[in-house]
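We name chains A, B, ... by the order of the sequence lines, and we start the count at 1 in each one.
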There are 2 protein chains.
Amino acid sequence: MAQRNTAVTDQADCPLPEVLRLIGDKWCIQILVELGEGPRRFTQLERAIDGISRRMLTLNLRNLERNGLVSRTVHPDAPPSVEYAITPLAEDIRDPLETLANWARHAAPALIAARQTYDARLGAER
Amino acid sequence: MAQRNTAVTDQADCPLPEVLRLIGDKWCIQILVELGEGPRRFTQLERAIDGISRRMLTLNLRNLERNGLVSRTVHPDAPPSVEYAITPLAEDIRDPLETLANWARHAAPALIAARQTYDARLGAER
DNA sequence: CGGTATCCCAAAGGATACTG
DNA sequence: CAGTATCCTTTGGGATACCG
């Protein structure tokens, strides 16, 4: 089961870390999780994801769209209306991402505690 | 400091994006997945994770250790021997992370295809 | 509403020489 | 073996003004 990749990954053009960086962009997981619950409009996302800047939301959505994880549909209304949704490709990771997000909430206190222990120990030993 | 979390999350000290950044550090997922298969030594990890620099491996391991996701055990041998392993806290996300890693491998071709389509379309329309 | 454009700073990350 | 230290480049990311 331990198939080590001595000679890089299979896809020379798209190594593992590069693909994983996709979902490691600080806001990406939250965006995908939010969209996983249903299509959302730009400002809906902006409000739902606390603290995200307009610029970063745009950049992340573009990047996700470019990589085929998110679709962007423009409805030609009087006030512009754009709807974002996850694609089937992204559906495959909806569950694990949601699990991670839930874990993040649940584990936060433990992480803080761990940090304090670690930092305190460092202060004592050094 | 930009304290712009109006309502913020429940844990004032540890908002969601900050926790998620933990696993979004480009190499973090791979490190955790690798350790998920069993304890590993420094150089084992260095070889297993293709392309990672010594510096980044160290930094990531330290960070994971600090946050209680990875344990570090030093065996006082003649040649230094250090063993890394995931903690129970990280066990909780072993499965979703593994799923993500597998997905990354599997979905890589589709991502590349999506990008080419997107980039081509942009070139034509602009 | 749904973005772009610009500016600027902080953090991530690579390379690599050195060390107990 | 398992790191640390140093240097330097690239990327991420916030703020905000502006636009169709």
Side-chain angles (χ1 to χ4, degrees), chain A residues 8 15-18 20-31 34-35 39-67 70-85 122 125-126, chain B residues 1-6 8 15-18 20-31 34-35 39-67 70-85 122 125-126:
Chain A
V8 181
L16 236 196
E18 198 180 327
L20 290 176
R21 270 194 67 209
L22 244 182
I23 58 165
D25 259 8
K26 183 176 184 180
W27 301 109
C28 252
I29 295 184
Q30 282 173 95
I31 293 175
E34 185 67 26
L35 289 179
R40 295 282 190 273
R41 296 175 57 176
F42 190 85
T43 35
Q44 275 186 304
L45 287 172
E46 202 174 5
R47 276 189 291 262
I49 303 171
D50 190 74
I52 194 171
S53 68
R54 186 162 292 184
R55 187 180 112 94
M56 274 302 119
L57 181 54
T58 302
L59 285 181
N60 276 292
L61 285 172
R62 286 284 170 279
N63 196 33
L64 290 171
E65 189 196 354
R66 178 173 181 246
N67 288 275
V70 160
S71 69
R72 177 175 177 270
T73 317
V74 182
H75 303 286
D77 299 345
S81 169
V82 181
E83 209 171 66
Y84 292 94
L122 225 81
E125 287 183 6
R126 289 243 162 168
Chain B
M1 256 300 184
Q3 172 63 347
R4 41 170 288 100
N5 328 345
T6 324
V8 180
L16 235 197
E18 199 181 328
L20 290 177
R21 269 195 66 210
L22 241 182
I23 58 164
D25 259 8
K26 184 177 184 181
W27 301 110
C28 252
I29 295 184
Q30 282 174 95
I31 293 175
E34 184 66 25
L35 289 180
R40 296 281 190 272
R41 296 175 57 176
F42 190 85
T43 36
Q44 275 186 304
L45 287 172
E46 201 175 5
R47 277 189 293 261
I49 303 171
D50 191 75
I52 195 171
S53 68
R54 187 162 293 185
R55 188 181 110 94
M56 274 302 120
L57 181 53
T58 303
L59 285 181
N60 276 292
L61 285 172
R62 285 285 170 279
N63 195 33
L64 290 171
E65 189 196 355
R66 178 173 181 247
N67 287 276
V70 160
S71 68
R72 178 176 176 270
T73 318
V74 181
H75 303 287
D77 298 346
S81 168
V82 181
E83 210 171 64
Y84 292 95
L122 225 82
E125 288 183 4
R126 289 244 158 164

Return the minimal non-hydrogen interatomic distance between B/E34 and B/L45, and the atom names on each side.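 Reported closest heavy-atom pair: CG-CD2, 3.6 Å.
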Over all atoms of both residues, closest heavy-atom pair of A/N60 and A/C28: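 Reported closest heavy-atom pair: OD1-SG, 3.6 Å.
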Given [options], which nucleotide is nearest the side-chain atoms of [X]?
X: A/R41; options: D/dG13, C/dC1, C/dG14; answer: C/dC1
X: A/F42; options: C/dC18, C/dG3, D/dC1; answer: C/dG3
X: B/T43; options: C/dG3, D/dT4, D/dC1; answer: D/dC1
X: A/P80; options: D/dG14, C/dG2, C/dG13; answer: C/dG2
X: B/M56; options: D/dA2, C/dG14, D/dT16; answer: C/dG14
X: A/V82; options: C/dG2, D/dT6, D/dA2; answer: C/dG2
X: B/T58; options: D/dT4, D/dG13, D/dA2; answer: D/dT4
X: B/R62; options: D/dT4, D/dG12, D/dG14; answer: D/dT4
X: A/Y84; options: C/dG14, D/dT4, C/dG3; answer: C/dG3
X: A/K26; options: D/dA2, D/dG14, C/dG3; answer: D/dG14

Any base atoms under 4.0 Å from A/D77, or only sugar-phosphate, or nothing? Heavy atoms, all strands.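 If one applies the 4.0 Å heavy-atom cut-off, A/D77 turns out to touch nothing in the nucleic acid.
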Between [N] atom [atom2] and [X] atom [atom1], what is the distance in whole Å?
X: A/L20; N: C/dG13; atom1: CG; atom2: C1'; value: 16 Å
X: B/H75; N: D/dG3; atom1: NE2; atom2: P; value: 12 Å
X: B/I23; N: C/dA12; atom1: CD1; atom2: C1'; value: 17 Å
X: A/N60; N: D/dG14; atom1: CG; atom2: C1'; value: 13 Å
X: B/L59; N: D/dT4; atom1: CG; atom2: C1'; value: 10 Å
X: A/E18; N: C/dG13; atom1: CD; atom2: C1'; value: 15 Å
X: A/L64; N: D/dG12; atom1: CG; atom2: P; value: 13 Å
X: B/N63; N: C/dG13; atom1: CG; atom2: P; value: 11 Å

I would like to know whether B/I29 and A/I23 meet side chain to side chain contact (heavy atoms under 4.5 Å, CB included); could you show each step before the answer? CA-CA 10 Å; B/I29 295 184; A/I23 58 165; 4.0 Å; yes
Nearest-0.5 Å distance that lies between atom CG in A/L16 and atom CD1 in B/I49: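 CD1 of B/I49 is found 10.0 Å from CG of A/L16.
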Do A/R21 and A/E18 meet the salt-bridge criterion of a basic N to acidic O distance under 4.0 Å?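 No, no charged N to carboxylate O under 4.0 Å.
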Mark yes or no for whether A/N63, through its side chain, and A/L59, through its backbone, hold a donor-acceptor pair below 3.5 Å.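 Flag not set: sc A/N63 to bb A/L59 has no pair under 3.5 Å.
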So, OP1 or OP2 of C/dG3: does either fall under 4.0 Å of a side-chain N or O from A/R72?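 Yes, such a contact exists.
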Map A/P79 and A/R21 onto DNA chain C by nearest heavy atom, then report which one ends up closer to the 5' terminus.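 Per heavy-atom nearest nucleotide, the more 5' residue is A/P79.
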